[in-house]
Amino acid sequence: MSQNHTYCVIMAGGVGSRFWPMSRSNRPKQFLDILGTGESLLQQTFNRFLKICPPENIMVVTHQSYRDMVAAQLPSIPKDNILGEPSRRNTAPCIAYAAYKIKAKDPEAQMIVAPSDHLVLKGEEFTRIIREALAAVQSAPILVTLGIKPSRPDTGYGYIQFTQEHLKGHDPVKKVKTFTEKPNLDMARYFMESGEFLWNSGIFVWSVNSITDALNHHLPEISSVFEDDMDKLNSPEEAGFITRAYTVCKNISIDYGVMEKADNVYVVPADFGWSDLGTWGSLYEHMPQDDNANAVAGKNVILYDSKNCVVHMPSGKLAVLQGLDDFIVVESDNVLLVCRKSEEQQIKEFVNEVKISKGEEFV
């Protein structure tokens, strides 16, 4: 397989409001070293894909206000590979933009699409699975997604049901039967026990021709916008064209718009230490914990009679916490958050209320 025909598209336009107050609208979580590794989540994702393709074949789609931040964090990426969206329109327009830009340059291309803010603990296994998927999409006009073998009945993920039918010559690549949105706990338990369901990782592999054909078929109102003016991509007219295109592109996810409707969708079941790091609670699971199951980031945190907490404090701040059980305690810049871990889904609501009552400076 020619490495030069393999491209990676990293989606990095989200605001990460569930990681507030560390994640802010002017510096969302993909640009933060949220795990304390010395690299931001975006940098980790980029470095992971350098094992698959060269930096000139890696593109980052982000909100145009974050383009300079991407360039600063990824100095080896060509500036033309940082695609600035004028507005957030979900994943379908984002993927269409990248797919048509790549197709205009290389009609033989295969393309990997991945979020910028996921955790992958088993890098070599991830690379192996991606190569398996790339071989599959080179041999057949299919759309492939990576499915994660569930380790618990989680209600925070979408699920993919697969059959034992596999792609000819590619045993691990299974036919997808259904996509299911986030289930309730009983349903999640059933999914896990059946052995037929995987977590939807949101990582996709396909040829540019397969995805543009699928967009033509299932989302013609988006594909026609890009088909009609493909010659403007990779030219000085691109920025103006994209500004106009995004005013007419509908706001829709690739899952809902294409993957749930197409009949040529396959999944590769995988286990590469994945988490979407969607919440403080999911981060807690991947942080070192003390004897009382407290996960602490920050050099000056003292805990008394406290357990099951996640605490994230600036290194210059002293925090003394007593009598807490199952709490999130985070200080960042001008905001302190104290919230029950079991109720962390409310953080998005807190952000909206703060924006309304206190203004933009705190979000």
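Everything quoted here is computed from the prediction, not taken from an experiment.
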Closest non-hydrogen atom pair between [X] and [Y], with its separation:
{"X": "L198", "Y": "P150", "answer": "CA-CD, 4.1 Å"}
{"X": "S17", "Y": "I347", "answer": "O-CG2, 3.7 Å"}
{"X": "G84", "Y": "Y97", "answer": "O-CE2, 4.3 Å"}
{"X": "M259", "Y": "F179", "answer": "O-CE1, 3.4 Å"}

Judged by modelled atom types alone, do [X] and [Y] share a side-chain donor-acceptor pair under 3.5 Å?
{"X": "E39", "Y": "Q44", "result": "no"}
{"X": "Q30", "Y": "S116", "result": "no"}
{"X": "Q346", "Y": "E349", "result": "no"}
{"X": "N308", "Y": "N294", "result": "no"}
{"X": "N216", "Y": "S223", "result": "yes"}

So, does [X] use its side chain to make a donor-acceptor pair with the main chain of [Y] at under 3.5 Å?
{"X": "S207", "Y": "A109", "value": "no"}
{"X": "R244", "Y": "G240", "value": "yes"}
{"X": "D33", "Y": "G38", "value": "yes"}

Enclosure of M192 CE (heavy-atom neighbours >12, cutoff 6.0 Å):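 It does: M192 CE has more than 12 such atoms within range.
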Linking I/L/V/M/F/W/Y whenever any side-chain heavy atoms sit under 4.5 Å apart, do [X] and [Y] land together?
{"X": "L337", "Y": "V296", "value": "no"}
{"X": "F362", "Y": "L336", "value": "no"}
{"X": "L119", "Y": "I148", "value": "no"}
{"X": "L121", "Y": "V268", "value": "no"}
{"X": "L283", "Y": "W199", "value": "no"}

Parallel, tilted or perpendicular, as decided by the 30° and 60° cut-offs, for the rings of H118 and W274: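 Correct class here is perpendicular.
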Aromatic plane relationship, F197 with F191 - under 30° parallel, 30 to 60° tilted, over 60° perpendicular: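 Plane angle under 30°, so parallel.
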Result of checking I112, V267, I160, I130 against L146 for side chain to side chain contact (heavy atoms under 4.5 Å, CB included):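 Running side chain to side chain contact (heavy atoms under 4.5 Å, CB included) over I112, V267, I160, I130 with L146 returns exactly one hit, I130.
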Reference residue I102; test side chain to side chain contact (heavy atoms under 4.5 Å, CB included); the match among L233, T212, V9: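 Testing I102 for a side chain to side chain contact (heavy atoms under 4.5 Å, CB included) against L233, T212, V9 leaves exactly one candidate, V9.
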Are [X] and [Y] side-chain neighbours, meaning at least one heavy-atom pair lies under 4.5 Å?
{"X": "S306", "Y": "D325", "answer": "no"}
{"X": "V144", "Y": "W206", "answer": "no"}
{"X": "L321", "Y": "L324", "answer": "yes"}

Six-ring centre of [Y], [X] cation under 6.0 angstrom, axis tolerance 45°:
{"X": "R89", "Y": "Y246", "answer": "no"}
{"X": "K341", "Y": "F327", "answer": "no"}
{"X": "K103", "Y": "Y7", "answer": "no"}
{"X": "K175", "Y": "Y266", "answer": "yes"}

Partner residues of E344 under the salt bridge (Lys or Arg N to Asp or Glu O under 4.0 Å) criterion, sequence neighbours left out: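 Salt bridge (Lys or Arg N to Asp or Glu O under 4.0 Å) check on E344 returns nothing, list empty.
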Test side chain to side chain contact (heavy atoms under 4.5 Å, CB included) applied to Q73 - qualifying residues, sequence neighbours left out: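 Partners of Q73 by the side chain to side chain contact (heavy atoms under 4.5 Å, CB included) criterion, ordered by chain and then number, come out as R27, F31, S40, L42, Q43.
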Pair D271 + K122, salt bridge at N-O below 4.0 Å: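 The answer is yes: the pair qualifies as a salt bridge.
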Between W280 and F19, ring centroids under 6.0 Å: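 That pair passes the under 6.0 Å test.
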The single option from D229, N234, D228 passing side-chain hydrogen bond (donor to acceptor under 3.5 Å, both in side chains) against K232: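 Single side-chain hydrogen bond (donor to acceptor under 3.5 Å, both in side chains) partner of K232 among D229, N234, D228: D229.
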